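The block underneath contains the structure these notes are about, expressed in structure tokens.
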Amino acid sequence: MALIQQREFLSKITPFTELPNDLLNQLADSMDIVYLPERTEITFQNELALLYILIKGKVTEYRDEEVTSHYSVRGFFGDSAILEKSQSHVKFVVDEEAIAYKLPAGKFLHAFNEHEAFADFFNASIVEKLNRIHETQQTATSTEVMMDTVISAPIQKLVSVTQKASILEATQAMTDARSDACLVEFSEGESGIITSTDILKFVALGETDRINAPSGVQSICNRPVYSVHEFDYLFNALLKMTRFQIDRLAVRSDLGFVGFLHQKDLMSLFANQSGLVLTKVEKSTTVEDLIGIGEQVDAMVHNLNRKGIKTHYIAKLVNELHRKMIAKLVEFILPETLQEKVCLFVMGSEGRSEQVIRTDQDNALIYDNELNAEQLTQLHAFTKAFTENLMKMGFPPCPGNIMLSNPEWCQSQASFSQTVEGWFDESTEGSFMNAAILFDAEFVFGESHWLNDIKRLLIHLNIKHSNFLRHFAIQSLKFNTPVGFFGGLIADSESGIEVIDIKKGGIFSIVHGIRCYALELGIKATNTHWRIKALMDAGVFEQEFGIELGETLNFLNTLRLESMLHQLDSGVELPDNKIRLAELSHMQQDLLKQSFNVVDVFKKRLSHHFGLNGML
Amino acid sequence: MSLIERGITFFQKNRLSKQKQKLKGESYEYLFNVIPDEFVCFDCETTGLNTKKDKIITLSAIKVVGHEVLTSQSLNLVIKQERKISADSIAIHQIRNLDVANSSFIYLDEFSAIQDFLAFIQGRTLVGYYLDFDVSMVNRVIKPVLGIDLPNPRIETSAMFHEYTRQKYKRSCIEPNIDLSFSHILKTLQIPNMGQHDAYNDALMTAFIFVKLKRLLAEGNKP
């Protein structure tokens with residue numbers, strides 16, 4: 001009875017979670033509790049080292065008088081002294097009255113030597129540590145269907161025929177297997193799919209005499225076949241269905257197709273918020289419906305983050321929703337006669353699918369060169385209504401006025417191209433920013449190829465103006481990475497609270513730097529993670545570096561997201577990009593430092609690659 | 001004069017020597033060898049509130065040295081009950097008959113348990129919240145055998161809290177109405193609640209209260 005809470009406390013702290021019960025209990029039972037009044041100083045130089053684990057209060061670590069770390073509840077320190085990793089001149093000062101457990105060094109070393117996974121934690125690389133955090137969070141919470149793999153869902157048997165089959169044969173194969181879909185295998189290794197709807201359409205055409213014709217399946221099958229890997233997340237499967245507006249996906253393994261996944265089966269698993277919001281957008285019929293959904297998206301983000309789902313997955317889902325909401329809005333308020341005469345797209349973070357909390361809107365519109373005066377008036381009214389309604393849906397206005405209600409971002413095809421060419425001629429900071437924002441654009445509504453044309457123009461102009469990219473790239477070195485010479489975090493003090501602007505400090509450098517590489521190579525993907533993947537595939541980044549950079553970006557974005565959610569909770573209307581150091585656990589601070597080191601390595605690489613060294 | 005010094009005034013010393021004479025047998029003389037600056041916080045859960053008739057079910061004691069609460073050396077005793085534990089006391093500390101039966105080590109009689117308690121406390125100062133009750137429970141067990149009550153110096157945490165609160169109001173002429181409830185003390189001193197209400201936890205909380213008040217009062221006494 002006695003020491004239960006002590007054991008429980010320890011069992012919830014990574015990496016003690018790795019220890020088997022008996023060893024964990026041994027450690028817990030050997031702990032004493034110490035009361036540390038404010039301003040107590042602890043050094044490990046002369047006395048025997050100890051591991052302190054905070055129950056309450058705050059402690060700051062100093063290395064040569066520079067702040068290197070902050071610890072709060074469940075944070076622990078002393079491990080590097082025990083493991084003899086740290087040099088001298090390290091001291092710990094109690095900032096806020098603390099109560100801490102003291103674990104004898106001998107017990108800690110015993111666990112360290114006995115248990116590999118536990119020891120690994122203290123030697124692990126940043127990627128491993130990050131993954132472990134997500135894993136612990138994920139196992140700690142109830143099983144979230146979204147994060148289950150496709151294979152755990154009810155998958156329908158695979159039915160397939162060759163391209164030589166008749167429609168009758170395909171239909172019989174489907175009936176035998178009680179399936180409503182059938183794959184068609186083509187000799188060149190491609191595949192198509194026939195569903196019961198296709199059969200119905202065929203019957204409705206009244207050409208049933210063709211039912212026995214050899215190779216009849218070719219005339220009614222659909223290509224390409226949208227598929228999902230059996231080990232992919234169910235959440236990605238749902239995304240694909242929503243995005244392509246289809247009811248089923250083929251499931252594939254490494255060896256080939258294995259079955260079908262149905263939306264109705266999937267939705268029955270997703271009897272929760274996230275699935276519900278997706279369908280709600282789909283079913284909305286008025287602008288008011290859309291306004292209501294905005295809030296639900298925020299609640300969903302909260303939920304998913306708490307469940308330990310990686311931020312870029314959340315961002316993907318949220319941005320898919322945002323685009324759907326925007327497309328619906330256009331559908332509702334744009335006069336039908338204009339619907340085929342425009343191309344509307346989102347840019348910046350929304351385009352990269354990296355905006356989780358709606359902090360601004362970047363959007364633009366290209367219209368047909370031949371609009372008449374009346375149509376132009378209609379369009380003008382639309383742009384005004386669009387921006388207003390988007391604000392009601394919770395997208396704050398863009399501070400730089402990069403919105404289609406601004407005539408600069410609502411132009412005819414011809415004049416838009418001219419504007420873009422103008423950016424390359426002037427080379428001002430503003431034109432760099434515009435090019436950057438536009439390069440991240442993703443199509444939302446209308447004539448998608450107009451946007452593709454503009455992007456091609458952008459890549460072409462970049463090649464033509466060989467100096468452009470260097471000046472473009474230097475922007476990513478604009479802000480200093482907030483780490484000190486000894487690896488400590490450099491924070492700004494805002495009325496006594498230590499804060500770091502995490503966007504300037506790290507996120508911007510990675511996002512913009514990667515954008516430069518993408519522009520150089522003409523990579524079409526807009527999301528930074530996908531761009532990194534493409535750069536790894538192209539051999540520009542080694543696997544290890546690419547993964548590390550991606551995970552680092554993810555971690556920084558997660559901290560930003562958590563800080564924003566926290567700000568929203570405390571009533572801030574438009575959250576900023578700052579994180580408050582005191583709110584981070586020691587582990588998070590440790591990872592933050594390592595993340596900034598990765599950012600610095602990336603910046604050096606970037607300077608070298610684009611030859612920026614002489615320019616600063 | 002600090003509280004601890006105040007605990008051993010001349011008058012008490014006199015009383016102690018008389019008590020020592022009454023002690024049956026020399027084997028418990030160590031109780032009189034005061035260990036300075038070492039304390040034991042303790043708490044009992046009992047079958048009821050009558051110190052003459054009711055029995056100790058569990059007793060937890062934790063040493064405190066300086067700013068440290070030595071939980072790794074805590075003493076936790078469970079004593080087998082002849083009579084069933086009354087429903088009322090179950091409601092307070094949630095020890096069911098089953099729990100007592102399932103504890104890994106159970107003392108069969110109160111005295112053998114208290115013997116271990118005496119060996120644990122030695123001559124240390126006893127600290128508790130409404131300590132009189134817990135000490136009386138122990139005295140009932142030892143008096144018939146040892147011939148004396150516990151001779152150890154005592155510190156009452158609620159008294160410390162009272163003094164601390166009064167110090168804060170020193171400059172005002174109003175006699176403050178001081179809430180001495182356990183929960184209020186915890187709240188005022190901002191001590192985290194570690195868990196459910198049992199002997200060990202109460203002893204642990206009391207230890208925190210003691211350590212913190214000891215410092216606050218020492219600071220308050222500084223010129």
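In what follows, chains are A, B, ... by sequence order, proteins preceding strands, each numbered from 1. All values derive from a computational prediction rather than experimental measurement. In what follows, every heavy atom counts, from backbone to side chain, and hydrogens, waters and symmetry copies are set aside.
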*asked:* Return the CD1 to CG distance between B/I62 and A/D32, rounded to the nearest 0.5 Å.
replied: 10.0 Å
*Any A/K102 side-chain heavy atom under 4.5 Å of B/S72 side chain*: no
*Decide side chain to side chain contact (heavy atoms under 4.5 Å, CB included) for A/Q6 and B/Y200; before the verdict, give the C-alpha distance in whole Å, the side-chain angles of both, and the deciding distance to 0.1 Å.*
CA-CA 12 Å; A/Q6 212 149 305; B/Y200 176 76; 3.6 Å; yes
_For A/F108, ring pair (Phe, Tyr, Trp, His ring centres under 6.0 Å) partners two or more places apart_ = A/F118, A/F122
_Quick check against the 3.5 Å criterion: does A/K56 have a side-chain atom that pairs as donor or acceptor with the backbone of B/Q190?_
yes
*Out of curiosity, A/L36 CG to B/E68 CD, how far, rounded to the nearest 0.5 Å?*
8.5 Å
*Would a 4.5 Å heavy-atom cut-off, applied to side chains only, mark B/L204 and A/I33 as touching?*
yes
*Could you tell me whether B/H184 atom NE2 has more than 12 heavy atoms of other residues or ligands within 6.0 Å of it?*
yes
